[in-house]
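What follows is a single structure, written as structure tokens, with notes after it.
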Amino acid sequence: MMKKLIIGLFALSVNLLPNMVMAASGSVPLMEANNDISDQPSLQRGAKLFMNYCLGCHQMQYQRYERTFRDIGIPTEVGQEQLIFDGSKVGSHIKNAIGKEDAAKWFGAAPPDLTNVARVRGSDWIYTYLKSFYKDESRPFGVNNTLFPSVGMPHVLQELQGLPTAITEEVTVDGVTTVHNTGTETDGTGEMSEGEYDDAVRDLTNFLEYVGEPTRLESEALGIKVIGFLIILFILAFMLKKEYWRDVH
């Protein structure tokens, strides 16, 4: 009886989990970012995008410029010249000058710090969010987001992507017809092609994931070494045990 109950609960959880994920993301399936934080050129391009398009409103107050440049392979002098725009010292945290009260007045809420956004939301969520803006003249900034309805921020990458429009479909349930957004389609006015914009968003997502856990690659490399050491220690201990117990057996 207990076995059947456990199997039933497991089956129920498997069926409910996709629905819970869809509900948490606004009933929009997440796209796979397929980013790689070991790809330094991608991280460098992502850092450039963040500093130019995101830092005006969003901070990374727990991350320092110098640590970032060192980790992603940017010479300190180059980073200080090309990626620090407010005269901050290279050892400073990545902050901007916008006040929280002003930001809340302009955007409805102060833009969140993005240091840990990838750890909270996940890379797929960020990637999907940046590809889900569409034209909506009813919103204060003229855009909305299929993943984050009633979004309070402008489409900051619009000059790169263009201004997408929403792709909709009508769904009728019990005689009631509703319109759902199923995706977006760009108008072709952006500086980048669709493929180039996808790569740019992936680079930015990659950079945000790195910032959320800068020591991840080091931790993974150390973990492999520790596991290797434990395997060798186990073999030596097993051989020593056999040697001690040889006369007993």
Original post:
Going hydrophobic residue to hydrophobic residue with side-chain gaps under 4.5 angstrom, can you get from I224 over to I232?
Top reply: no
Original post:
So, for A33 and T205, which heavy atoms are closest and what is the spacing to 0.1 Å?
Top reply: CB-CG2, 4.2 Å
Subject >> E194 atom CD, over 12 foreign heavy atoms within 6.0 Å >> reply: no
Subject >> Expected output: side-chain E196 to main-chain S193 donor-acceptor under 3.5 Å >> reply: yes
Original post:
About how many Å separate CG of D36 and CG of L217, when rounded to the nearest 0.5 Å?
Top reply: 8.0 Å
Original post:
Less than 4.5 Å apart, any side-chain heavy atom of N116 and any of V211?
Top reply: no
Subject >> Criterion side-chain contact (heavy atoms from CB on, under 4.5 Å) against E209, the qualifying member of I37, L43, V117 >> reply: I37
Subject >> R67 and Q63: CA distance, side-chain angles, deciding distance, side-chain contact (heavy atoms from CB on, under 4.5 Å) verdict >> reply: CA-CA 7 Å; R67 170 63 188 269; Q63 180 78 357; 4.0 Å; yes
**OP:** Tell me yes or no: between the side chains of E159 and Y53, is some donor less than 3.5 Å from an acceptor?
**Re:** yes
Subject >> Criterion side-chain contact (heavy atoms from CB on, under 4.5 Å) on L204 and C54, from CA distance to verdict >> reply: CA-CA 10 Å; L204 181 52; C54 307; 4.1 Å; yes
Original post:
What are the two closest heavy atoms between N34 and R202, and how far apart are they?
Top reply: O-CD, 3.8 Å
Subject >> Heavy-atom closest pair, residues D71 and P214 >> reply: OD2-CB, 3.9 Å
Original post:
Does CZ belonging to F85 count more than 12 external heavy atoms closer than 6.0 Å?
Top reply: yes
Subject >> Qualifying residues under side chain to side chain contact (heavy atoms under 4.5 Å, CB included), relative to L222, sequence neighbours excluded >> reply: V226
Original post:
When rounded to the nearest 0.5 angstrom, what is the spacing between CZ in F50 and CG in D203?
Top reply: 14.5 Å
Subject >> Shared hydrophobic cluster for W245 and L240 (ILVMFWY, side-chain gaps under 4.5 Å) >> reply: yes
Subject >> Flag side-chain contact, heavy atom, 4.5 Å: K225 against F229 >> reply: no
Original post:
What distance separates L147 CG from L30 CG, expressed to the nearest 0.5 Å?
Top reply: 6.0 Å
**OP:** Taking the side chain as every heavy atom from C-beta outward, state whether L83 and I74 have any atom pair closer than 4.5 Å.
**Re:** yes
Original post:
Would you say the side-chain atoms of T115 and Q61 include a donor-acceptor pair closer than 3.5 Å?
Top reply: no
**OP:** Over 60° means perpendicular and under 30° means parallel, so classify the ring planes of F133 and Y129, tilted if in between.
**Re:** perpendicular
Original post:
Does the side-chain contact (heavy atoms from CB on, under 4.5 Å) test come out yes or no for N144 and V151, once each step is laid out?
Top reply: CA-CA 6 Å; N144 210 330; V151 66; 4.1 Å; yes
**OP:** Look only at the side chain of D136 and the backbone of G142, and say whether a donor-acceptor pair between them is shorter than 3.5 Å.
**Re:** no
Original post:
Is any side-chain heavy atom of D113 less than 4.5 Å from a side-chain heavy atom of Y62?
Top reply: yes
Original post:
Looking only at atom types and distance, does a side-chain atom of D187 sit under 3.5 Å from a main-chain N or O of P164, one as donor and one as acceptor?
Top reply: no
Original post:
Under a single-linkage definition using a 4.5 Å side-chain heavy-atom cutoff for Ile, Leu, Val, Met, Phe, Trp and Tyr, are V78 and L55 assigned to the same hydrophobic cluster?
Top reply: yes
**OP:** Report whether M192 and Y134 are members of the same hydrophobic cluster (ILVMFWY, side-chain heavy atoms less than 4.5 Å apart, transitive linking).
**Re:** no
**OP:** Looking only at non-hydrogen atoms, find the nearest pair between M31 and T128 and report the distance.
**Re:** N-OG1, 2.7 Å
Original post:
From L130 CG over to Y197 OH, what is the distance, rounded to the nearest 0.5 angstrom?
Top reply: 5.5 Å
Subject >> Working for side-chain contact (heavy atoms from CB on, under 4.5 Å), residues T165 and T184 >> reply: CA-CA 5 Å; T165 55; T184 61; over 6 Å; no
**OP:** State whether the side chain of Q44 and the backbone N or O of I72 hold a donor-acceptor pair below 3.5 Å, judged by distance alone.
**Re:** yes
**OP:** May I have the step-by-step check of salt bridge (Lys or Arg N to Asp or Glu O under 4.0 Å) for E137 and R139, ending in yes or no?
**Re:** CA-CA 5 Å; E137 296 180 353; R139 299 297 301 158; over 6 Å; no
Original post:
Near E185 CD, under 6.0 Å, is it more than 12 heavy atoms from other residues, nucleotides or ligands?
Top reply: no
Original post:
Is the shortest side-chain N to carboxylate O distance from R216 to E220 below 4.0 Å?
Top reply: yes
Original post:
For the residue pair Y65 and F69, does the interplanar ring angle fall in the parallel (under 30°), tilted (30 to 60°) or perpendicular (over 60°) class?
Top reply: tilted
Subject >> Interatomic spacing from OG1 in T146 to NZ in K131 - rounded to 0.5 Å >> reply: 10.5 Å
**OP:** Side-chain contact test, heavy atoms from C-beta onward, threshold under 4.5 Å: evaluate it for L208 versus L114 and give yes or no.
**Re:** yes
Original post:
Are M60 and F207 close enough that some pair of their side-chain heavy atoms sits under 4.5 Å apart?
Top reply: yes
**OP:** Over all heavy atoms of both residues, which pair between S42 and N206 is shortest? Give the atoms and the distance, please.
**Re:** OG-ND2, 3.1 Å
**OP:** Indicate the atoms forming the closest heavy-atom contact of H58 with N96, along with that distance.
**Re:** N-ND2, 3.5 Å
**OP:** Find the distance between CD1 (I84) and CE (M51) and round it off to the nearest 0.5 Å.
**Re:** 7.5 Å
Original post:
Any side-chain donor paired with an acceptor under 3.5 Å for H155 and Q161?
Top reply: yes
